[in-house]
Amino acid sequence: MDRRRFLALAGAAAGAGIAAPAYAASYPCYDSGVPEEMHGKLAELAPYGITALAFTPSGGWVIVTKDGRYFARGIPDACFAELGSLVKAGRQITCVAFPPEGGDRWVITTDKGVSARGLPEECRQRIDAYYDAGQQVVCVAFPPAGGDRWVVLASNGFYARGVDDECYQMMRNLTQGGRRITHVAFPKAKGWVVVAQDTYFARGIPDACFSRMGTLYNGGWQTHSLAFSPSGGWALSTRGKMPSLPADKVRKVENSVGGGTIWQRMNAYKTPGVAVAVVTGNKIAWSTGYGWLEAGSGAAAHPETAFQAASISKAVATVGVLRLLQTRKIALDADVRPLLGWTLGRRSCLTSNAVPTIDRLLTHRAGVIGRGSTSPAASAPASTRAAAASPATARAPPCRRCCRS
């Protein structure tokens, strides 16, 4: 499957860094396809810990460090002026972002509040709500399609509107594993990146960018800033090592499914999508979806997706039947036909005196026609089908995907 994921490897060799002044930390950074001036400024400012890195839809760019250094080229004048005012006031800039419609639209989030212009109304409301709740907003990202599509990441939560369905599911997945989503970015074309504290997931990003993210993680560095230019370039940086966190139980399950990862097992069985729930102490510990509702579709599998239960339902159905027999005082070896409101289809190989008993039905030995049938109309012989069919017994539409192996 075209899914990219990289887990931190403890003890791996450090990635290549940049030359840095003796009084600044040596934080690695990488870029490709960006303006030469930006390339130079990125190398100059990365040692001071980049907290905001962004491109405008028209190709402008801005870099801000945690100690208040900043440089910008081609961003809206009002944004540049507000950035200077916030830095002068001692605010630490956590994110600068530009909606894809361009023009005088922008957002600057800080350790104590937000300044913005031209954002979707709900996006602005969500940002304000996080600050009102005492949380900092650490990232705001906009998919290239524009409109009311956005992601807001806070110090302890996230909210998304109109983003790629699989991207959203990955954010849900990671947070259930006890990780915080720290960064989300969208290339100009289709694709996305979700960064958590000690792992990241990506789809449709440039190979070189994905490789350099791997270099950072192999060296124990966390990806803190990542931005994609409208011309296809990209830039990424770190300002510190990955935190030491407890084991991620969700990742443990994902990586131990029948001798492989859940993605490998899905690929082996050509299964486009799966929903998983783990129950601990009679309660759902976590649930998440993987892949797509249908192969080639754009809708991801959700924990709430209604799958066809198929053979998984047999044990539950049997318990229900046994309980019904107990309540109604019906024998397990009773003929089922008098209990039905339709004619039960029978295979031609059966003798005329063969009895379809309840226990035989439960053990697939009753000789009933219609493997996989869900209604009498589909299972009855042609001679009786017309009489048996009715609006109440019309054949149910087929499920879009079956989970039977």
Side-chain angles (χ1 to χ4, degrees), residues 253 256-259 262 265-266 268-291 293-295 301-405:
V253 171
S256 306
V257 181
I262 190 167
R265 302 298 288 173
M266 290 169 63
Y269 286 106
K270 296 180 172 55
T271 303
V274 169
V276 174
V278 172
V279 177
T280 302
N282 294 322
K283 294 182 179 180
I284 296 178
W286 58 268
S287 62
T288 189
Y290 303 88
L293 290 179
E294 294 181 274
H302 291 234
E304 300 82 10
T305 297
F307 287 83
Q308 183 185 26
S311 292
I312 297 174
S313 67
K314 291 176 181 177
V316 177
T318 299
V319 172
V321 169
L322 294 176
R323 178 62 175 165
L324 183 63
L325 297 182
Q326 184 183 48
T327 302
R328 298 182 63 176
K329 309 299 183 183
I330 299 173
L332 189 60
D333 60 356
D335 187 339
V336 74
R337 288 172 294 187
L339 305 175
L340 304 178
W342 65 84
T343 301
L344 189 66
R346 291 160 55 85
R347 296 185 182 278
S348 58
C349 60
L350 295 177
T351 61
S352 60
N353 60 350
V355 178
T357 61
I358 297 172
D359 60 337
R360 287 178 178 174
L361 281 172
L362 293 176
T363 54
H364 299 271
R365 297 182 296 114
V368 176
I369 292 175
R371 179 177 182 271
S373 297
T374 57
S375 69
S379 61
S383 60
T384 61
R385 189 171 299 159
S390 70
T393 60
R395 182 178 175 87
C399 178
R400 287 189 293 177
R401 180 178 68 261
C402 180
C403 63
R404 296 180 67 177
S405 60

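- The shortest side-chain heavy-atom distance between Leu344 and Val368 falls under the 4.5 Å cut-off.
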>> The test is side-chain contact (heavy atoms from CB on, under 4.5 Å); show your working for Thr305 and Leu293 and say whether it passes.
In response: CA-CA 8 Å; Thr305 297; Leu293 290 179; 3.5 Å; yes
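- Between the side chain of Ser256 and the backbone N or O of Val253, no donor-acceptor pair lies under 3.5 Å.
- Nearest approach of Arg360 to Val355, heavy atoms of both residues: NH1-O, 2.9 Å.
- Nearest heavy atom pair, residue Ala366 against residue Leu350, reads O-CD1, 3.9 Å.
- Side chain of Thr327 to backbone of Arg323: a donor-acceptor contact under 3.5 angstrom is found.
- Formation of a donor-acceptor pair under 3.5 Å by the Arg346 side chain with backbone atoms of Ala354 is found in this model.
- One distance of note links OG1 of Thr271 with CZ of Arg265; it measures 10.0 Å at 0.5 Å rounding.
- At least one side-chain heavy atom of Val276 sits under 4.5 Å from a side-chain heavy atom of Trp286.
- The CG atom of Leu325 lies 9.5 Å from the CG atom of Asp359; values are rounded to the nearest 0.5 Å.
- To the nearest 0.5 Å, atoms OG1 (Thr288) and NE2 (His302) are separated by 10.0 Å.
- Put simply, the side chain of Val336 does not reach to within 4.5 Å of the side chain of Thr357, judged on heavy atoms.
- Nearest approach of Ala275 to Pro303, heavy atoms of both residues: CB-CA, 4.3 Å.
- In this structure, CG in Leu322 is found 11.5 Å from CD1 in Ile330, a value given to the nearest 0.5 Å.
- Each salt bridge (charged side-chain N to carboxylate O under 4.0 Å, His left out) pair with one or both residues in residues 326-337, not counting sequence neighbours, appears once here: Asp335-Arg337.
- Partners of Asn353 according to the side chain to side chain donor-acceptor pair (under 3.5 Å) rule, which considers only residues two or more places apart in sequence or in another chain, are Thr351.
- Rounding to the nearest 0.5 Å gives a distance of 8.5 Å between CG of Leu339 and CG of Leu324.
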